[in-house]
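These notes concern the structure reproduced below.
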Amino acid sequence: MSNLLSNLNPEQLKAVTLPRVSALVLAGAGSGKTRVLTTRIAHLIQSGQASPAGILAVTFTNKAAREMTTRLESMLPINTRGMWIGTFHGLCNRLLRAHYRDAILPQTFQILDSADQQSAVKRVLKSMNVDDEKFKPREMCWFINGAKEQGLRYKDVEAHDEFTRRQVEIFQAYDEQCQKEGVVDFAELLLRCYELLSRNAPLLEHYRDRFKFILVDEFQDTNKLQYRWIRLLAGTTGAVFGVGDDDQSVYGFRGAEVGNMRDFQHDFHVQEVIKLEQNYRSHGSILDAANAVIKHNQARLGKNLWTDAGKGEPLRIFAAANDNEEAQFIVDEVKSLHREGMRLNDIALLYRSNAQSRVLEHSLFRAGLSYRVYGGLRFFERQEVKHALAYMRLAANPDDDGAFTRVVNFPPRGIGARSIEQLQDAANMNRCSLMQAAKSFMPPGRSAAALGTFISLVDGLKASAETLTLQELVEEIVERSTLKSHYQSEREGAERIENLAELTNAAALFNEEYEGEDKPLIGFLTHASLESGEHEAGQGDDALQLMTVHAAKGLEFDAVFLSGLEEGLFPHDNSMNQLDGIEEERRLMYVAITRARKRLYLSYAGSRMLHGQPRYGVVSRFVDEIPSELCKWIVLPERVATFNSYSRGSQGDFFAKQDWGGRSAGGYHPQGTGYAPKTESETVFSAKDTISKQDMQRARFETSRPDAHPFGIGQNVMHAKFGEGVVINFEGSGLDARIHVKFRDVGTKILAMQYAKLTAA
DNA sequence: ACTACGAGACTTTTT
DNA sequence: GTCTCGTAGT
């Protein structure tokens, strides 16, 4: 036991060994939050205070749940398989499956992901003859989920105007359609579970009695319904151990309520709040910057991170003339870090919004740096995979109209919109599913044969599902549905076929892992919707990591590049008019900064292409909130003179970029503590080398002038898309300067100087 | 019934 | 710039 508790700091130890009371742990970034959670569970079990079955631990992501489980297994010689550690949705699903009758759900109920939900809403709108321009499916989903996440059914929603009343009607029709089809959306999973427990006293008693210890991760991210769910399960005698960080609450836009942390203290009579403030991740300057920024927020529970790791290096700030230059700077720095021995895997490139990744990717690609972008389409969300899954869903439940509409004519088999409409009418008329309508009320016509083919296909699959293994079933679906041959004839179908093969793989893997599951098909489909697939392909190879700041939450890297630090981008324009908007953006900035272990770069661009339009930016207020003594500004060598002409007297000099980076002085030590600036670089980073913000701004404007460009009339140039050409004229000045180039293959083009990615040829 | 082209949108996101 | 959606044409 002492083994388990050794190496914990006093606060961590206190949290881990707390008796059976409700408690709140304010865990700052990098303060060992997951460690505390898992060690507490291990300690409770080892000391005999709890049995593995008596613990309920809830997280937000599958990844977090998995990490907790793995760590726990390494601490204790127990099998975590039967333990209740999982996401809110995963645990609710488990409860609903166990008590499907009480929850009034079919045993085979399916879970809709966001895309499925949207198409379900579309079908509702159609059947109600509602204009989907006025009631956009996306917004309807938002409305429905928003209500459910507050614990509200359609009849609980207050409607004071005609529009909302109509929305409520659609809400009702949608829920009825879902019930009829035996499907539940994500929010429904939680609400249904909440209602199941609150309406069934013996059942609730049973679980209250069982879960003596409830642990909640990322408490600041809980929404109203999740909070009520926890309260319900805990009752008046339960003990809830909440861990969270109000400064890292960045999901307000999807219903998370930081206020739940305050309410928790009150509602659960929390006697003491334990603060974990010692940070084991970042060097001092990085933490100081994070603390300085977050101090500007008013509504905080209050917390200050510290470290004994030493100051480390200053933050590096780069002001680029435009987005391409910013990207180029990052490429050069990454290359240099890589040369020094830092693995690309340990370097992250963060941005506020996904749209920003393109320019960066472009430069990385040209430079031949391998990188991986997080947060695109996940495996189970891919079109071809969803199609195959729809066939599986029909095999499990032929009355699943969503799955039916998805694949009734995919691959195309001659069933057009007209026929589907007729089917829909027949189904409405007879109050049955589309499949039943197709079987019993098939309208006579040309498409009858095609429909017959489809019906027998699904019937065949249904029969196969009884006898075949999961893997064989997937293989059969891919073949017999002609998905495979369809994609084979498609130009870019190779990748899709690969993904279908990967689905076969996933099915085999699932079977292996959940051997003996009585309903493997249902289990697999649930797995597919609940775990949209962190099937991280190519995780093994060394690649730079690109992601949004949101996606980076919970991760850490040796070096972090935070790009696009401009007003309007970060903080984002759309956040400004939201309540608490700026504070949430600032928390996001805090999250971004605290991702870095040893080195942090901040960059912004004077102009960048956004939505196909140039947009001129001003440095983000968040950069200004970082004390300048923690920062060093980096300037391109050819501009040092320009910048220095603005700084007078004691202001000192800027650094030419090549004097930076600790190439010879200091450097990266892969197995050591990382960057250890030596004397030489300490000199380089001395305090006199700063410049005022105003000079910075003015200098940047100067350097953006067109006469700084390296081209002359008659010069041969190269363009990524247009190929070779010759410069024939210039036009305009300042940021609007344009260059006329006569290309060999595509004729004369007039390009914006700033964006034309021209190179001398 | 299917394909091709043009208009309009576009913060962040897990389940 | 790029993706999705809707309409018009084959």
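Chain letters run A, B, ... following the sequence lines, proteins first and then strands; every chain starts at 1.
Computed from coordinates, the A/L225 CG to B/dT15 C1' distance equals 13 Å when rounded to whole Å. Rounding to whole angstrom units, CZ of residue A/F109 and P of B/dT15 are separated by 17 Å. With rounding to whole Å, A/E149 atom CD is found 10 Å from B/dT14 atom C1'. Distance, A/R94 CZ to B/dT15 C1': 17 Å, rounded to whole Å. Between A/L91 atom CG and B/dT14 atom P the separation is 19 Å, expressed in whole Å. Rounded to an integer number of Å, the gap from A/Q117 CD to B/dT14 C1' is 13 Å. Counting to the nearest Å, the C1' atom of B/dT15 and the CZ atom of A/F60 are 10 Å from each other. Note: CD1 (A/I111) to P (B/dT14) measures 17 Å, nearest angstrom.
A/S529 comes within contact range of no nucleotide atom at all, as no heavy-atom separation falls under 4.0 Å. Residue contacts shown for A/N409 are limited to sugar-phosphate atoms, with no base heavy atom under 4.0 Å away.
With no hydrogens or angles considered, no side-chain donor-acceptor pair links A/D246 and A/Q220 at under 3.5 Å.
Among residues two or more places apart in sequence or in another chain, the side-chain contact (heavy atoms from CB on, under 4.5 Å) test is passed with A/E584 by A/F253, A/D580, A/R587. Under the ring pair (Phe, Tyr, Trp, His ring centres under 6.0 Å) criterion, A/F557 pairs with no residue, sequence neighbours left out. For A/T453, the side-chain contact (heavy atoms from CB on, under 4.5 Å) test picks out no residue, with sequence neighbours left out. Looking at residues two or more places apart in sequence or on another chain, you find a side chain to side chain donor-acceptor pair (under 3.5 Å) between A/Y227 and A/D267. Residues passing the salt bridge (Lys or Arg N to Asp or Glu O under 4.0 Å) test with A/D185, sequence neighbours excluded: A/K148.
The pair A/K224-A/E257 meets the salt-bridge criterion, with a side-chain N (NZ, NE, NH1 or NH2) lying under 4.0 Å from an Asp/Glu carboxylate O.
Comparing A/R413 and A/H89 by the nucleotide of DNA chain B whose heavy atom lies nearest to each, the residue mapping closer to the 5' end is A/R413.
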Checklist line | Under 4.0 Å protein heavy-atom contact, by nucleotide of nucleotides 6-13 of chain B - B base, S sugar-phosphate only | finding: ----BBBB

